[in-house]
Structures are given as C-alpha cells and as structure tokens.
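Below is one structure, written out as structure tokens; comments come after it.
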Amino acid sequence: MRQAMKLLGLLMLLEGISGALDHVAVQPFFGFVLNAFNRLVVERVSAFEGVEVFANLSLAALGAAVMIAAARVRPS
C-alpha cells in the first residue's frame with residue numbers, strides 16, 4: 001500500500017509541475033497523461049479560473065506531501 005501511495009504522490013507531483021509548465025509554455029512530453037488534471041479539473045471548476053498555475057503548483061505540493069507521508073509511515 002505504501003508503494004501505491006508513493007506512486008500516486010509521484011503522479012500528482014508530475015501532473016502539477018507539467019500543468020504549470022503547460023500554462024507557461026507548451027508541454028511536449030506525455031501531455032495526455034500529465035495534463036489530465038488541467039483538462040479534467042482546472043478547466044471545469046470555475047474557482048480555478050485565472051489561477052491555473054497556482055492550482056497546478058498546489059497539486060505538485062500535495063503530491064510531494066503524499067510521497068513524504070507514505071515514506072514515513074511504518075509498515076503494519
């Protein structure tokens with residue numbers, strides 16, 4: 001379970017960074033996977049209108065926090 005949480009955190013981190021880069025410049029690598037957060041969440045939620053870069057960087061920070069938390073949890 002810890003490995004799944006680490007993988008989820010890594011995916012969130014990469015999607016957040018990729019989305020922020022996509023708003024600054026075009027993201028050529030794995031755009032279909034890494035920009036899913038932008039297409040599925042940011043574009044459909046009106047609260048993120050105008051603060052897309054902040055939303056993506058927040059996702060990256062949350063992904064890093066999930067990875068750190070998964071690494072620190074003791075196996076049961």
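Because only heavy atoms are used, hydrogens play no part in the values below, and waters and symmetry mates are left out as well, while side chains stay in.
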**OP:** Rounded to the nearest 0.5 Å, what's the gap from CZ on Arg72 to CZ on Arg2? Could you check?
**Re:** 12.5 Å
**OP:** Over all heavy atoms of both residues, which pair between Val66 and Met5 is shortest? Give the atoms and the distance, please.
**Re:** CG1-O, 3.5 Å
Original post:
Is Val42 reachable from Leu62 through a run of I, L, V, M, F, W or Y residues, each pair having side-chain heavy atoms under 4.5 Å apart?
Top reply: yes
Original post:
Linking I/L/V/M/F/W/Y whenever their side-chain heavy atoms sit closer than 4.5 Å, directly or via other members, would Leu10 and Leu57 fall into one cluster?
Top reply: no
Subject >> Among Asn35, Asp22, Asn38, the one residue meeting side-chain hydrogen bond (donor to acceptor under 3.5 Å, both in side chains) with Asn56 >> reply: Asn38
**OP:** Indicate, with yes or no, if Leu8 and Val41 share a hydrophobic cluster defined by side-chain heavy-atom contacts under 4.5 Å among Ile, Leu, Val, Met, Phe, Trp and Tyr.
**Re:** yes
**OP:** Indicate if Ile17 and Met67 have the same hydrophobic cluster label, given that clusters are the connected sets of ILVMFWY residues with side-chain heavy-atom separations under 4.5 angstrom.
**Re:** yes
Subject >> Shortest non-hydrogen separation from Arg39 to Arg44 and the atoms involved >> reply: O-NE, 4.0 Å
**OP:** For Glu52 and Gly50, indicate whether the former's side chain and the latter's backbone hold a donor-acceptor pair under 3.5 Å.
**Re:** yes
Original post:
Any link between Met12 and Phe37 through a network of hydrophobic side chains (Ile, Leu, Val, Met, Phe, Trp, Tyr) touching at under 4.5 Å?
Top reply: yes
Subject >> Non-hydrogen atoms of Ala60 and Leu13 that approach each other most closely >> reply: O-CD1, 3.3 Å
**OP:** State, to 0.1 Å, how close Ala20 and Val53 come at their nearest heavy-atom pair, and which atoms those are.
**Re:** CB-CG1, 4.4 Å
